[in-house]
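Worksheet: the structure to be examined is printed underneath.
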Number of protein chains: 2
Amino acid sequence: MNKSKQPTIIDVASEAGVSIATVSNVINRRKVPMAQETIRKVEAAIVRLGYRRNVMATNLSRRRSYELGLIIPHFGGYYGRFAESLEQKVHRFGYHLSVFSAAGMDAEIEQRHLEHLLQRRVDGLVSHGLAMSMQSTQQLVGVGTPLVIFNGWGWPGEIVQLAVNLDFAKASVEAVQYFLRSGCQSVIYVGKRNGMGANDQRIQGFLAGLGDSAESTVHALLDVGELGIAGTLDEALRLSGESRPIGIYTFNDALALEILALCHERGVHVPEDVHLIGMDNELYSRASYPAITSFDMPVDLQTSLVAAFLMKQIGEPLDEESAALLEEHLPRVQGHELLIDLDMIVRKSTMA
Amino acid sequence: MNKSKQPTIIDVASEAGVSIATVSNVINRRKVPMAQETIRKVEAAIVRLGYRRNVMATNLSRRRSYELGLIIPHFGGYYGRFAESLEQKVHRFGYHLSVFSAAGMDAEIEQRHLEHLLQRRVDGLVSHGLAMSMQSTQQLVGVGTPLVIFNGWGWPGEIVQLAVNLDFAKASVEAVQYFLRSGCQSVIYVGKRNGMGANDQRIQGFLAGLGDSAESTVHALLDVGELGIAGTLDEALRLSGESRPIGIYTFNDALALEILALCHERGVHVPEDVHLIGMDNELYSRASYPAITSFDMPVDLQTSLVAAFLMKQIGEPLDEESAALLEEHLPRVQGHELLIDLDMIVRKSTMA
DNA sequence: CTGTTAGCGCTTTCAG
DNA sequence: CTGAAAGCGCTAACAG
């Protein structure tokens, strides 16, 4: 309530019988030499009063917030794991991470969060490939605050310092070829428009993976947004006719799981009739029945790279590990984008 | 980088040829009457310079941050949904919500976040029933910032203004009695220590639900933390002997799903041999095979209550809806705790 | 309607 | 080793 009751550095100073500068010094453990006795007195006063430093004042004065912002579409699954991991990483550098969710790719909310973070003068920003237009983003960010994107394609270097992307295209090639090798007579990609390019990457890989087999193999790109989940499966079955097995590759595990549930319902057997591959390696791809083949997301590597890069941009000294990591990966950057491989985890859903 | 390059209110003032007070006035759309011309000039200057208000300075001066803090154990599942929902609710009141994850009930990290939020002088705090000791929390919070807890039991009113809890005990009674009514010869609770009391609530309800049947029915309280997931199922089967079906009630859907996967692996049939009930109503309880009976969490109601109550504490005027909600529920508060019912969603896993 | 001014709480030279 | 004083960017009386 009455915030004004919170003790300030001035109260501490007078309580300890020293000047405010001294109090500030002991709080910040500066290199300034101080008498043990002074330190003791000040610290005692701090506890006695229950003093708690006001970060807003500190930041204003320092012109630095030691705070980073993260914007994700939602807290679940991969994004949640990403946030949690990144939070820990930046903590090692003494930074805090404020996480905001854009309520599922809602451009307006995303804008609002971005603007807020900027007004708060965060030292750096991390965001998934944003839903909003690049133009408005550019306007927002301007110069100043470093921004790094994860899983976003085609962002100009003037606005995004780096994009740390998972190689969905490559993974998709692998998925399709796995289907082909296991004798699938027909392969279907079940996608989901999300404006981030992640879907496009998968489609691109899917088609590339098909290669020469494209002509001899029934294949299709379906969109759950249009057809609904049941409609999608129906369409896949219809397109495939008598061809068996059908390889169905989905945007993510959640979709794969729903398809699987529907297969059970319709008496379609997995993997006899349908081979299924998802993406994300969620708990439920491992624990479903049958277990679903999926791709594991190297979240840890991704956040390590994001954190290290951002710290470097901000001018924070890097520890050996981070420096080595950057040294290893940065040379591979192409057009401000870095690609990280995914590992396919083969499970029952693709074992004939 | 060079934060000092960001334009300030002073730059805007001189650019527009007015005083800084005037600029401040137009920015804050105060009730102060102003000439249209002045407003226009200032706004033009703002865009021209790309001015963005410094929230830290604003807050410092206002002695108010219009910011709320939320601490959750992690971003996944229920907690993630809670965060997202609360974020939207408080937004309607003009507040921002900064979300921090305590890396799975880690008391130390939780403390750090709490302290940080307090240093940032947030106007209010919401947290799940905290893992840390009540004592240290008390010390942390002291007076001043209102704190509301969700799913936390036994917190003293001096430190927590309100606890908005889901009635896990009641739900557990329902689960057990459902088992009993469907002819389960043996009922097992599979719990998970989490220090929040949520497990205790379930245990309490489980035992209460058993009632007189306790003597005639094989029953047990197992803990995955001790036995591991496989060990837990083995133990449940061992304890039950030939009794069929066995009712297994788990702490949450994730656990239920893992048990289910294990049952498939061992040729234990659900629901013929084992009836399964989870908690959370996650996607994968609905889409698993067979689908798992679960309890839906009324996240929306919970966050509405949290938001409304907090706003009231802060002294923000309530809209009709919020006021009505509070009026309806507050009378039911007992010892600073409010209980919200859960809905059981019956699915195949409990249909013989 | 607009401008002056005194803070908000803390950091940081720079003297002493 | 300690203290005085000048900001950091903005708000909020209070005059004019």
Side-chain angles (χ1 to χ4, degrees), chain A residues 2-43 45-46 49-67 118-123 144, chain B residues 2-43 45-46 49-67 118-123 144:
Chain A
N2 198 349
K3 301 281 189 188
S4 57
K5 287 220 304 258
Q6 300 231 42
T8 75
I9 206 179
I10 300 183
D11 301 318
V12 176
S14 77
E15 173 82 12
V18 299
S19 78
I20 64 166
T22 302
V23 175
S24 176
N25 278 336
V26 357
I27 289 175
N28 297 301
R29 308 226 165 288
R30 286 262 216 54
K31 59 286 156 192
V32 186
M34 293 172 293
Q36 275 305 317
E37 175 60 9
T38 311
I39 296 183
R40 214 196 40 66
K41 277 193 309 190
V42 173
E43 284 176 341
I46 287 179
L49 264 42
Y51 166 78
R52 178 147 39 217
R53 153 218 244 129
N54 183 325
V55 167
M56 294 183 293
T58 304
N59 291 350
L60 185 58
S61 182
R62 284 209 181 117
R63 306 154 119 261
R64 203 134 167 27
S65 65
Y66 287 97
E67 173 129 11
L118 255 16
Q119 292 193 164
R120 216 148 88 185
R121 301 293 191 269
V122 292
D123 297 329
Chain B
N2 199 349
K3 300 280 189 189
S4 57
K5 287 222 301 260
Q6 300 229 42
T8 76
I9 207 180
I10 300 183
D11 300 319
V12 176
S14 77
E15 172 82 12
V18 299
S19 79
I20 64 166
T22 302
V23 175
S24 176
N25 280 337
V26 357
I27 289 176
N28 297 301
R29 306 229 165 285
R30 285 261 214 55
K31 59 285 156 194
V32 186
M34 294 172 291
Q36 275 305 319
E37 175 59 9
T38 311
I39 296 182
R40 213 197 41 65
K41 276 193 310 192
V42 172
E43 285 177 340
I46 286 178
L49 265 43
Y51 167 78
R52 178 147 39 217
R53 155 220 239 127
N54 183 324
V55 167
M56 294 183 293
T58 303
N59 291 350
L60 184 58
S61 183
R62 284 207 181 119
R63 306 155 118 263
R64 203 134 167 22
S65 66
Y66 287 97
E67 172 127 12
L118 255 15
Q119 292 194 163
R120 217 149 85 184
R121 299 296 190 270
V122 291
D123 298 329

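If you're wondering where the values come from, they're calculated on a predicted model, not measured in any experiment. The chains referred to below are lettered A, B, ... by the order of the sequence lines, with proteins before strands, and numbering in each begins at 1.
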I'd like a table of atom pairs between the protein and nucleotides 2-6 of chain D - only N or O on both sides, under 3.5 Å - with the distance next to each one.
{"from": "D:dT2", "atom 1": "OP1", "to": "A:Thr38", "atom 2": "OG1", "distance (Å)": "2.2"}
{"from": "D:dT2", "atom 1": "OP2", "to": "A:Ala35", "atom 2": "N", "distance (Å)": "3.4"}
{"from": "D:dT2", "atom 1": "OP2", "to": "A:Thr38", "atom 2": "OG1", "distance (Å)": "3.3"}
{"from": "D:dG3", "atom 1": "OP2", "to": "A:Ser19", "atom 2": "N", "distance (Å)": "2.8"}
{"from": "D:dG3", "atom 1": "OP2", "to": "A:Ser19", "atom 2": "OG", "distance (Å)": "3.4"}
{"from": "D:dG3", "atom 1": "OP2", "to": "A:Thr22", "atom 2": "OG1", "distance (Å)": "3.1"}

Side-chain N or O of [X] closer than 4.0 Å to phosphate OP1/OP2 of [N]:
| X | N | result |
| --- | --- | --- |
| B:Arg53 | D:dT11 | yes |
| A:Ser24 | C:dC10 | no |
| A:Arg121 | D:dG9 | no |
| A:Arg52 | C:dG9 | no |

Measure [atom1]/[X] against [atom2]/[N] and give the value in whole Å, please.
| X | N | atom1 | atom2 | answer |
| --- | --- | --- | --- | --- |
| A:Arg64 | D:dG9 | CZ | C1' | 18 Å |
| A:Arg62 | C:dC10 | CZ | P | 12 Å |
| B:Gln6 | D:dC10 | CD | C1' | 15 Å |
| B:Lys41 | C:dT2 | NZ | P | 8 Å |
| B:Leu60 | D:dG9 | CG | P | 12 Å |
| B:Asn54 | C:dG9 | CG | C1' | 14 Å |
| B:Arg120 | C:dC10 | CZ | C1' | 17 Å |
| A:Asn28 | C:dT13 | CG | P | 12 Å |

Out of curiosity, A:Ile20 CD1 to A:Asn25 CG, how far, rounded to the nearest 0.5 Å? 10.5 Å

Rounded distance [0.5 Å steps], NZ in B:Lys41 versus CD in B:Glu43: 12.5 Å

Is the shortest side-chain heavy-atom distance between A:Arg62 and A:Asn28 below 4.5 Å? yes

Is it true that B:Asn54 and A:Arg63 share a donor-acceptor pair across their side chains at a distance under 3.5 Å?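 The criterion, which ignores hydrogens and geometry beyond distance, is not satisfied for B:Asn54 and A:Arg63.
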
Any luck finding a side-chain donor-acceptor pair between B:Arg120 and A:Asn59 under 3.5 Å? no

Do A:Arg40 and A:Glu37 sit within salt-bridge range, that is, some charged N less than 4.0 Å from a carboxylate O? yes

5'-most contact on DNA chain C: A:Ala57 or B:Gln36, nearest heavy atom basis? B:Gln36

Does the cation-pi check pass for A:Arg53 over A:Tyr51, that is, NZ or CZ under 6.0 Å from the six-membered ring centre and within 45° of its axis? no

What I want to check is whether an N or O donor and acceptor connect the side chain of A:Ser61 with the base of C:dG9 at under 3.5 Å. no

